[in-house]
Amino acid sequence: MLEAAIAIAAIAIGAGLAVSIGAIGPAVGEGYVAGKAVEAIARQPEAENSIRTTMILGQAITESTGIYSLAIALLLIFSFGMPLVGRLLELLG
Amino acid sequence: METNIVFHILGMPVSDNVLWTWIIMAVLIVGSWIFTRNLKRIPTGFQHVIELAVDGIEGLVVRDIGDKGKAFVPFILTLGLFILFANFAGMLPMGVSPTASLSTTAALAVLVFLVSHGAEIKEKGLKAYLKGYVDPFFILLPLNIIGEISKVLSHAFRLYGNLFGGGIILGIIYMFIPYVVPGVLNVWFGFFQGIIQTAVFVMLAIVYIQVRL
């Protein structure tokens, strides 16, 4: 029972770490892209539309690493964590 | 990630995602039929909005792919309409976003994969297509294959992760503050994120097709 409890705690911590650490990179990157896009629009306001679409595309691709860590966290919680919680509740009766 | 089975048809389980996919398909088909029933040369009323949408997507596709891209406009437009409506469905009471399920987004990503690779085979022929995998050196074959697989994976996971993650955050906020705040956040995640994620998915689909052509 203790083993199951420790495993659940480890999974919860792991999922939290996966999202929080994995969110740092994309957040910095997306902010950088947005800042550069603002600079570009300030320099060339007539190109605003094409800059905006390029910016959103770049941010979307930057975001995929963050999405991967989210997927890992979801996998940890729903595929490994939830069955363990069910087994622990069964053991507790 | 559990699926809620709503009812059974001939012993086949139908989940709420599939049910809402069917509802959105019905709305789109009936809506397309109603709004394009009597098109006029000089547009009036709602025809303006339709022409604006079609023109916008066509401009986007032609700008990226070129004149060859005109063949893909119906596909891209259908993809965008379905994803937009699917994202908005989560805002309705009792509504479920089909795009918040990995099965739907994976199917859409595989569809884009098939269309882009099929277009390349049709354009360049099977031999040139297969040669693209050993380009520029033979050693890069595994790398190219992994690159293609990761494109599909990230395309599917991006839409799914955003929608599903938004739903989870909404659920957590709802547990803490059940009044007003979830409503505002619902509009944010449903409306704003829905439009942005649709644009991202559609633009990436265009880029993936353009890269293969």
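Everything numeric in this text was worked out from a predicted model, so none of it was measured. Residue numbers begin at 1 in each chain, while the letters A, B, ... track the order of the sequences.
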request  = State whether the number of non-hydrogen atoms from other residues, nucleotides or ligands found under 6.0 Å of A:Arg87 atom CZ is greater than 12.
outcome  = no

inquiry  = Is A:Ile77 close to chain B through its backbone or its side chain, or both, or neither, when contacts mean heavy atoms under 4.5 Å?
reply    = neither

remark   = Heavy-atom closest pair (B:Phe164 atom, A:Leu74 atom, distance to 0.1 Å) is CD2-CD1, 3.4 Å

query = Are the side chain of B:Arg158 and the backbone N or O of A:Ala60 linked by a donor-acceptor pair below 3.5 Å?
reply = yes

inquiry  = Tell me if the CZ atom of B:Phe7 is crowded by more than 12 foreign heavy atoms within 6.0 Å.
reply    = yes

A:Tyr68 versus B:Ser154, closest heavy-atom pair with distance = OH-CB, 2.9 Å

task = Could you tell me which portion of B:Ile168 (side chain, backbone, both or neither) has an atom closer than 4.5 angstrom to a non-hydrogen atom of chain A?
result = side chain

remark   = Okay, A:Thr65 and chain B: the region with an atom under 4.5 Å from a heavy atom over there is neither

inquiry  = Measuring from atom CG of A:Asn49 to atom CG of B:Leu60, what distance do you get when rounded to the nearest 0.5 angstrom?
reply    = 10.5 Å

B:Asn162 and A:Glu63, any side-chain heavy atoms less than 4.5 Å apart = yes

ask   = Going by heavy atoms in the side chains, are A:Gln59 and B:Ile196 under 4.5 Å from each other?
value = no

Which atom of A:Ile56 lies closest to which atom of B:Met203, heavy atoms considered = CG2-CE, 4.2 Å

request  = State whether the number of non-hydrogen atoms from other residues, nucleotides or ligands found under 6.0 Å of B:Phe82 atom CZ is greater than 12.
outcome  = yes

message = Taking OH in B:Tyr174 as the centre, count heavy atoms belonging to other residues, nucleotides or ligands within less than 6.0 Å. Is the count above 12?
response = no

